[in-house]
Amino acid sequence: MSGEQAVERKVRIFNLQKYNMYDGPGVRSMAFLKGCPLRCKWCSNPESQLRVHEVMFKRVNCVDCGACAAVCPVGVHKMVDGEHVVDRAVSCIGCRGCEAACMNHALEVMGDDRTVDDVVAFLDEDADFYRMSGGGITLSGGEVLAQAEATYSILMAAKSRGYHTAIETCGYAKTETVLKIARYVDLFLFDIKQMDPVKHKFWTGVNNELILANVRTLLESGHNVRVRMPLLKGVNDSKDEIDAVIDFFKPYRYQKNFDGVDLLPYHKLGVGKYASLGRDYQIEGDPSLTDDDLARIEGWIKGADFKVNLVRH
């Protein structure tokens with residue numbers, strides 16, 4: 001690795017992905033880092049929230065054979081009256097013995113400890129696609145800023161290879177951390193979930209003052225930012241709430257480093273994961289937006305002369 005030396009050599013991830021077309025320009029490879037300071041009630045990747053190893057258990061696939069309980073060194077898996085039970089009070093150590101022992105694919109351990117070099121080697125595999133498509137690499141989560149030193153090291157290595165770099169972030173970190181990492185980021189995909197601080201804390205578990213201060217600092221420092229808005233009916237889809245976003249970003253809309261707004265409609269793809277993690281899903285009813293709803297919101301933002309893009313995963 002040329003230039004500065006990497007700071008952190010280990011990173012905990014929960015997924016690596018190729019051929020992504022949504023999270024930055026061109027064809028991209030992605031690393032998803034585990035751990036997030038927010039607890040968004042609608043989170044589609046609940047396995048990303050905690051930094052620790054976690055067992056996802058698909059009850060429907062289990063035949064209660066007890067193979068996992070026989071190999072688990074710490075007692076996460078137990079047989080109780082002939083039935084397999086995951087003891088969530090016991091900390092999984094990530095050995096993955098249960099995964100190997102389960103013949104019915106009922107178990108998956110979330111959290112994979114890799115070296116930074118391993119992750120960079122994965123990203124290197126599709127370097128030709130980045131160059132041909134104008135793509136690059138994107139780090140996501142969880143929250144990449146929660147593993148700031150590892151993120152810094154991966155981005156530094158990617159830039160030394162000439163890759164376009166992006167991070168998807170909620171922006172909830174110390175401003176000095178954000179600016180340090182920004183040296184190696186070509187594009188921030190910056191989530192704006194709710195403008196009202198009280199509502200933001202209710203829906204995500206944290207206040208948004210630091211988040212808004214950080215996105216303002218990035219824009220005023222010349223860093224490239226694309227705003228991303230997860231949209232849920234009854235949460236952040238009203239005219240007043242959209243107008244608050246428009247008003248906040250209006251001073252930056254004609255700056256070259258402001259890359260517009262992505263609208264991310266709510267989807268249900270992650271709902272089933274909660275039961276597999278032994279958690280309750282906290283969204284009641286169906287907050288999905290109709291096509292008419294989305295067209296109306298898109299029209300409000302376009303009407304304020306913002307570039308806006310509807311992203312459907």
Side-chain angles (χ1 to χ4, degrees), residues 6 8-20 23 28-36 39 43-126 137-144 146-147 149-151 153-154 157 268-281 313:
E8 179 59 54
R9 306 311 306 170
K10 288 282 189 178
V11 59
R12 181 165 291 177
I13 64 171
F14 69 96
N15 193 18
L16 294 171
Q17 184 183 97
K18 292 187 175 186
Y19 314 125
N20 177 282
D23 299 295
R28 310 190 73 80
S29 293
M30 298 187 68
F32 294 82
L33 280 61
K34 204 169 185 322
C36 182
R39 294 293 179 269
C43 181
S44 61
N45 290 318
E47 74 278 20
S48 75
Q49 294 177 346
L50 301 179
R51 182 81 170 266
V52 298
H53 292 100
E54 296 176 275
V55 175
M56 295 190 76
F57 173 43
K58 296 180 181 178
R59 175 74 253 183
V60 68
N61 289 8
C62 182
V63 296
D64 297 312
C65 67
C68 56
V71 300
C72 181
V74 293
V76 172
H77 304 281
K78 294 177 169 64
M79 298 302 295
V80 179
D81 296 328
E83 183 175 307
H84 171 221
V85 174
V86 178
D87 188 344
R88 301 288 178 183
V90 177
S91 297
C92 174
I93 61 173
C95 71
R96 290 188 154 71
C98 60
E99 277 187 357
C102 181
M103 302 301 292
N104 292 287
H105 307 291
L107 299 170
E108 184 177 7
V109 177
M110 305 309 300
D112 190 7
D113 293 326
R114 301 285 189 98
T115 66
V116 166
D117 289 342
D118 285 341
V119 174
V120 173
F122 168 82
L123 301 174
D124 282 340
E125 290 175 5
D126 287 337
I137 69 107
T138 301
L139 303 185
S140 187
E143 172 50 55
V144 298
Q147 295 189 58
E149 295 301 333
T151 295
S153 296
I154 295 168
K268 300 179 181 179
L269 298 178
V271 174
K273 297 178 182 179
Y274 285 79
S276 296
L277 290 165
R279 302 183 205 168
D280 295 326
Y281 190 58
H313 285 82

Could you go step by step and tell me if Asp64 and Arg59 meet the side chain to side chain contact (heavy atoms under 4.5 Å, CB included) rule?
CA-CA 9 Å; Asp64 297 312; Arg59 175 74 253 183; 2.7 Å; yes

Please lay out, stage by stage, how Val52 and Ser91 fare under the test side chain to side chain contact (heavy atoms under 4.5 Å, CB included).
CA-CA 8 Å; Val52 298; Ser91 297; over 6 Å; no

With side chain to side chain contact (heavy atoms under 4.5 Å, CB included) as the criterion, how do His53 and Asp113 come out once you've worked through the C-alpha distance, each side chain's angles and the decisive distance to 0.1 Å?
CA-CA 10 Å; His53 292 100; Asp113 293 326; 3.6 Å; yes

Decide side chain to side chain contact (heavy atoms under 4.5 Å, CB included) for Cys43 and Gln49; before the verdict, give the C-alpha distance in whole Å, the side-chain angles of both, and the deciding distance to 0.1 Å.
CA-CA 9 Å; Cys43 181; Gln49 294 177 346; 3.4 Å; yes

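The OG1 atom of Thr115 lies 6.5 Å from the NZ atom of Lys10; values are rounded to the nearest 0.5 Å. Atom CG of Asn15 sits about 8.0 Å away from atom CD of Glu47, to the nearest 0.5 Å. Note that CZ of Phe32 is 6.5 Å distant from CG of Asp23, once rounded to the nearest 0.5 Å. Atom CG of Leu107 sits about 7.0 Å away from atom SG of Cys62, to the nearest 0.5 Å.
The only option from Asp117, Leu123, Val144 that meets the side chain to side chain contact (heavy atoms under 4.5 Å, CB included) definition with Ile154 turns out to be Leu123. Here the options are Gln147, Glu54, Glu143, the test is side-chain hydrogen bond (donor to acceptor under 3.5 Å, both in side chains), and the partner is Lys34; only Glu54 passes.
Ring planes of His77 and His84: tilted class, angle from 30 to 60°.
Atom NZ of Lys58 has 12 or fewer heavy atoms from other residues, nucleotides or ligands within 6.0 Å. Within a 6.0 Å sphere centred on NZ of Lys18, heavy atoms belonging to other residues, nucleotides or ligands number more than 12.
A 4.5 Å side-chain heavy-atom check between Val76 and Cys92 finds at least one atom pair inside the cut-off.
A donor-acceptor distance shorter than 3.5 angstrom exists from the side chain of Arg28 to the backbone of Ile137, with no hydrogens or angles considered. Distance alone, capped at 3.5 Å, is enough to place a donor-acceptor pair between the Ser48 side chain and the Gly142 backbone. Proximity of a side-chain donor or acceptor of Lys273 to a complementary backbone N or O of Asn45 within less than 3.5 Å is not detected. The closest donor-acceptor contact from the side chain of Arg88 to the backbone of Val55 lies under 3.5 Å.
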